[in-house]
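What follows is a set of notes on a single structure, which appears directly below.
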Amino acid sequence: MKYVFFGTPEFAATILEKLIDVGYIPEAVVCNPDEPIGRKQILTPPSAKIMAEKFNISVFQPLKLRDNLEFFDWIKKLKPDLAIIAAYGKIVPKEILGIPIYGFINVHGSLLPAYRGASPIQSTILNGDEETGITLIKLDEKMDHGPVLGKSEIRISKSETYDTLSAKLAEAGAELLIKTIPDYIAGKIKLTEQSHAEATYAGIIKKEDGKINWLKSAEEIERMVRAFYPWPTAWTIWNEKTLKILEAITSSGDNKKTGEVFLKNSELAIKCGVGVLVVKKLQLEGGKILTAKDFLNGHKNFVGNIFS
RNA sequence: CGCGGGGUAGAGCAGCCUGGUAGCUCGCAAGGCUCAUAACCUUGAGGUCGUUGGUUCAAAUCCAACCCCCGCAA
């Protein structure tokens, strides 16, 4: 079976690696172009490209797919039987969707039709769900809308961050693909239409989404901390500097003002709209990641501050 | 040349502007208190102040270059 793999970040790279491991070697990998990363603006290849090159698989990095004749001709000439797409980062135009005989199989990080869109993993943590999963769908022209080939469920632990959940979902996605592809090709899989009326959407995450509103409950804020780790992180402003909260737990309420910083059993605590957030790790703009204890050693005036 | 913060005892920070051989909190060690303690009290060990050079009678502090860490932006 001849297939092409579409995917860009770590999530895609993990799936790609697993597929290769069991002998599903793609004809080519298509991912987003290299991007300038970090302070030095060094042009850095995406994870999927690095993985592909490790196995000497050719890589294509088109700037766009729509109206890209060169790319269109290339894939048409290649005549793949199938395409697998995971966190690619671009919409695949209708003309291209029809090229592989078996279409495009998309690995999506939620139990569709919940959380269609760009941030299913963050959204499920934010909402405090106890369970999420992977859904394989056959791509159609609408976003995350196609019929379902299979699902795999995963429990969300209380300390799950975007990072850890993303890794688990990638693993689960790869396993599900490996199990499903042969049956699908053999025509043994019945495609199931999604119940579109129940669809929910998760938009792209912006830096600003991580800004903490201290009127919210400690539970909500604690979920933000996990959902937005490591980016954009849950953050607030202190002394005109960004203060990232990287790890925290919730605690019961105290008779304090909303947003007030205090010591609870000598731990760094912040009163929220409802309940208390006990901060474990944080990072001030320009500084390193510190434990709450270290941070307090050097910032005595932090206790007593009131966040808005 | 994208913008900015920082490198001072094991850790986190102050001191730098207005030069005169370093201080705070924690940790560590010893002793004490206590039925006991991660609590409290006392004492102590531990620092070429990122590197190199310059100015000066004198540099953590002023000047120059370089190295390293970090935030933003992408």
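Atom set for the values below is all heavy atoms of this structure, side chains included, hydrogens, waters and symmetry mates excluded. In what follows, chains carry the letters A, B, and so on, assigned in the order in which the sequence lines appear, proteins first and then strands, with residues in each chain numbered from 1.
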Between N or O atoms, less than 3.5 Å apart, protein on one side and nucleotides 25-28 of chain B on the other: list the pairs.
from    : atom 1 : to      : atom 2 : distance (Å)
rU25(B) : O2'    : N297(A) : OD1    : 3.1
rU25(B) : O2'    : K300(A) : NZ     : 3.0
rC26(B) : O4'    : N297(A) : OD1    : 3.1

Worksheet item: Roughly, in whole Å, what's the span from CH2 in W231(A) to P in rC72(B)?
Response: 10 Å
Worksheet item: Rounding to the closest angstrom, what is the interatomic distance between rC35(B) and rG27(B) at atom C1'?
Response: 28 Å
Worksheet item: Can you check the E208(A) CD to rA73(B) P distance for me, whole Å?
Response: 10 Å
Practice prompt. Using the P atom on both, measure rA22(B) against rC16(B) and round to a whole Å.
Written response: 15 Å
Discussion item. Could you check whether K241(A) makes a cation-pi contact with W235(A), meaning its NZ or CZ is under 6.0 Å from the centre of the six-membered ring and within 45° of the ring axis?
Written reply: no
Worksheet item: For K281(A) and rG12(B), what is the distance between atoms NZ and C1' respectively, to the nearest whole Å?
Response: 16 Å
Worksheet item: Between rA74(B) atom P and K206(A) atom NZ, what is the distance in whole Å?
Response: 14 Å
Worksheet entry | Rounded interatomic separation in angstrom, taking CG from L282(A) and C1' from rG12(B) | 11 Å
Worksheet item: Which whole number of Å gives the distance between the C1' atom of rC57(B) and that of rC1(B)?
Response: 41 Å
Worksheet item: In the structure shown, which nucleotide is the Watson-Crick or G-U wobble counterpart of rU37(B), with both distances under 3.5 Å?
Response: none
Response to the item:
In whole angstroms, the gap separating P of rG12(B) from CG of N301(A) amounts to 18 Å
Practice prompt. Keeping to residues at least two apart or across chains, list the side chain to side chain donor-acceptor pair (under 3.5 Å) pairs with something in residues 167-187 of chain A.
Written response: K18(A)-E171(A), E160(A)-K168(A)
Practice prompt. Send over the distance from W235(A) CH2 to rA73(B) C1', rounded to a whole Å.
Written response: 14 Å
Item to complete: Check every strand shown and say whether E35(A) touches a base, only sugar-phosphate, or nothing at a heavy-atom separation below 4.0 Å.
Response: nothing
Worksheet, complete the sentence: Of the listed rC13(B), rG71(B), rA11(B), the closest approach to the K244(A) side chain comes from rG71(B)
Worksheet item: Across all strands shown, which nucleotide pairs with rG12(B) by Watson-Crick or G-U wobble geometry, both distances under 3.5 Å?
Response: rC24(B)
Fill in: Nearest-Å distance once atom P is located in both rU34(B) and rA45(B)
27 Å
Worksheet entry | Whole-angstrom distance between rC67(B) and rU25(B), as gauged at atom C1' | 30 Å
Produce the list of close N/O pairs, under 3.5 Å, pairing protein atoms with atoms of nucleotides 5-8 of chain B; give distances to one decimal.
from   : atom 1 : to      : atom 2 : distance (Å)
rG5(B) : N2     : G286(A) : O      : 3.2

Worksheet, complete the sentence: RNA chain B nearest-nucleotide lookup for H299(A) and R39(A): closer to the 5′ end is H299(A)
Item to complete: Sort and list the pairs that fulfil side chain to side chain donor-acceptor pair (under 3.5 Å) and have at least one residue in residues 87-96 of chain A, not counting sequence neighbours.
Response: N32(A)-K90(A)
Item to complete: Side-chain contact test, heavy atoms from C-beta onward, threshold under 4.5 Å: evaluate it for T236(A) versus W214(A) and give yes or no.
Response: yes
Worksheet entry | Who pairs with rC66(B) - Watson-Crick or G-U, where each distance is under 3.5 Å | rG50(B)
Discussion item. Let's test this: given Watson-Crick or G-U wobble pairing with both distances under 3.5 Å, identify the partner of rU56(B).
Written reply: none
Worksheet, complete the sentence: By the Watson-Crick or G-U definition, both distances under 3.5 Å, rU43(B) is matched with rA29(B)
Practice prompt. Would you kindly compare I289(A) and D294(A) by the position of their nearest RNA chain B nucleotide and give the one closer to the 5′ end?
Written response: D294(A)
Worksheet item: Across the strands shown, which category fits I37(A) at heavy-atom distances under 4.0 angstrom: base, sugar-phosphate, nothing?
Response: base
Worksheet, complete the sentence: For rG71(B), the nucleotide meeting Watson-Crick or G-U wobble distances (both under 3.5 Å) is rC3(B)
Worksheet entry | Span that lies between the P atom of rA73(B) and that of rG10(B), in whole angstrom | 35 Å
Item to complete: Please identify each residue that fulfils side chain to side chain contact (heavy atoms under 4.5 Å, CB included) with L43(A), with sequence neighbours left out.
Response: D34(A), P36(A)
Worksheet item: Got a sec, which residues hit side chain to side chain contact (heavy atoms under 4.5 Å, CB included) with K76(A), two or more places apart in sequence or on another chain?
Response: F72(A), I99(A)
Worksheet item: Under 4.0 Å between a Lys/Arg side-chain N and an Asp/Glu carboxylate O for K281(A) and E247(A)?
Response: yes
Worksheet item: According to the interplanar angle, ranging from 0 to 90°, do the rings of H145(A) and H196(A) count as parallel (below 30°), tilted (30 to 60°) or perpendicular (above 60°)?
Response: parallel
Practice prompt. Provide the distance between the two C1' atoms, one in rA9(B) and one in rG2(B), to the nearest whole Å.
Written response: 37 Å
Fill in: Centroid-centroid under 6.0 Å between F104(A) and F6(A) rings
yes
Response to the item:
Closest of rA11(B), rA73(B), rC69(B) to the K288(A) side chain is rC69(B)
Worksheet item: With sequence neighbours excluded, what pairs up with D163(A) under the salt bridge (charged side-chain N to carboxylate O under 4.0 Å, His left out) test?
Response: none
Worksheet entry | Partner set under ring-ring contact (aromatic ring centres under 6.0 Å, His included) for F71(A), not counting sequence neighbours | W74(A)
Practice prompt. Please identify each residue that fulfils salt bridge (charged side-chain N to carboxylate O under 4.0 Å, His left out) with E17(A), with sequence neighbours left out.
Written response: K54(A)
Discussion item. Measuring to OP1 and OP2 of rC70(B), would you say a side-chain N or O of Q283(A) lies under 4.0 angstrom away?
Written reply: no
Discussion item. Please give the distance between the P atoms of rC13(B) and rU55(B) as a whole number of Å.
Written reply: 34 Å
